[in-house]
Amino acid sequence: MRDRIWNELTQAKFNSEFATLYAEKQRVYLRRFNVFILVFSGGGVMGWTLWKDFPLASCIIIASVSLIRLLQPHLIMNDKQISNLDSISRFYFNYYNKLERLWYDLEHSTIDNELAKESFFEIKHSEDEINQTINETIKSKPQKLVKESKENSDNYFKLIFNT
């Protein structure tokens, strides 16, 4: 049971790290996207008088920006999805803390293996509530973020637990 709790503990830390990094990255993409749309909207660059001499180019740019705006939900996350990532991160932060407490209790023989098993599966069952949000929000896991999350969580465990 000790190893099962430890493995779940490391996975929870990884999940928390990944959701946090993914949310940060998506916020950057959304900000850049919004700035791009603002720059090329009617009050931005497209509002300049030089475009009156290039109506075809102006129409192409406006049509392209409109098309990109329509495709936005398929290209980058929106505020609600980023908020869902924040919820996932918070869930796994709390989930990790519960598992860590259980692991310490088992490690220091404060509880026996049977009680640890019951507590573990009770904590594990709480993960059901976030799974739907995860499935709706995270469609793919960028390998660069997976690698960074793994490194961050591994470094955390080396620092805290000397493993």
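Just so we're clear, the structure is a prediction, and the values are computed from it rather than from any experiment. No hydrogens, no waters, no symmetry mates; every other heavy atom, side chains included, goes into these values.
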Please evaluate residues E148 and K25 with respect to the criterion side-chain contact (heavy atoms from CB on, under 4.5 Å), reporting the C-alpha separation (whole Å), side-chain torsions for both, the decisive distance (0.1 Å), and the verdict.
CA-CA 12 Å; E148 188 177 350; K25 187 69 74 178; 5.9 Å; no
Check against side-chain contact (heavy atoms from CB on, under 4.5 Å), Q26 and Q81:
CA-CA 9 Å; Q26 291 300 315; Q81 291 168 315; over 6 Å; no
Out of curiosity, Q11 CD to S16 OG, how far, rounded to the nearest 0.5 Å?
11.5 Å
Do the non-hydrogen side-chain atoms of I130 and I88 ever get within less than 4.5 Å of each other?
yes
Run the numbers on F91 and E129 for side-chain contact (heavy atoms from CB on, under 4.5 Å), then give the verdict.
CA-CA 9 Å; F91 171 83; E129 68 188 51; 3.8 Å; yes
Go through L9 and L102 one step at a time and tell me if the side-chain contact (heavy atoms from CB on, under 4.5 Å) criterion holds.
CA-CA 10 Å; L9 188 70; L102 177 61; over 6 Å; no
To the nearest 0.5 Å, tell me how far S119 OG sits from I5 CD1.
8.0 Å
Using modelled atom types only, decide if a donor and an acceptor are shared between the side chain of E118 and the backbone of L115 within a distance under 3.5 Å.
no
Counting only heavy atoms not in K117, do more than 12 sit closer than 6.0 Å to its NZ atom?
no
Report, one line per pair, each donor and acceptor closer than 3.5 Å where one atom sits in a side chain of residues 27-34; sequence neighbours left out.
residue, atom, partner, partner atom, Å
R27, NH2, D86, OD1, 3.0
R27, NH2, D86, OD2, 2.3
N34, ND2, L30, O, 3.3

Restricting to ring-ring contact (aromatic ring centres under 6.0 Å, His included), what partner residues turn up for H125, sequence neighbours left out?
none
What distance separates I123 CD1 from R101 CZ, expressed to the nearest 0.5 Å?
8.5 Å
Report, one line per pair, each donor and acceptor closer than 3.5 Å where one atom sits in a side chain of residues 134-144; sequence neighbours left out.
residue, atom, partner, partner atom, Å
N135, ND2, N131, O, 3.3
E136, OE2, Q132, NE2, 3.0
T137, OG1, N84, ND2, 3.3
T137, OG1, T133, O, 2.7
K139, NZ, N135, O, 3.2
K139, NZ, E136, O, 3.2
Q143, NE2, K141, O, 3.3

Go through the structure and list residues passing side-chain hydrogen bond (donor to acceptor under 3.5 Å, both in side chains) with T20, not counting sequence neighbours.
S89
If you define the side chain from C-beta out and look only at heavy atoms, does anything of L99 sit under 4.5 Å from F120?
yes
Between the NZ atom in K80 and the CG atom in L85, the distance rounded to the nearest 0.5 Å is 11.0 Å
Looking at Y92 versus Y95, is the centre-to-centre ring distance below 6.0 Å?
yes
Rounded to the nearest 0.5 Å, how far apart are CG of N155 and NZ of K150?
10.0 Å
Would you mind reporting whether Y104 and T110 have side-chain heavy atoms less than 4.5 Å apart?
no
S153 side chain to S149 main-chain N or O, any donor-acceptor pair under 3.5 Å?
yes
What's the separation between atom NZ in K13 and atom OH in Y156, rounded to the nearest 0.5 Å?
5.0 Å
Acceptor/donor pairs from residues 52-75 side chains to any protein atom, 3.5 angstrom cut, sequence neighbours excluded:
residue, atom, partner, partner atom, Å
S64, OG, I60, O, 2.8
S66, OG, I62, O, 3.0

Y22: which residues meet the ring-ring contact (aromatic ring centres under 6.0 Å, His included) condition with it, sequence neighbours left out?
F18
Contact between E127 and E8 at the side-chain level, heavy atoms closer than 4.5 Å - yes or no?
yes
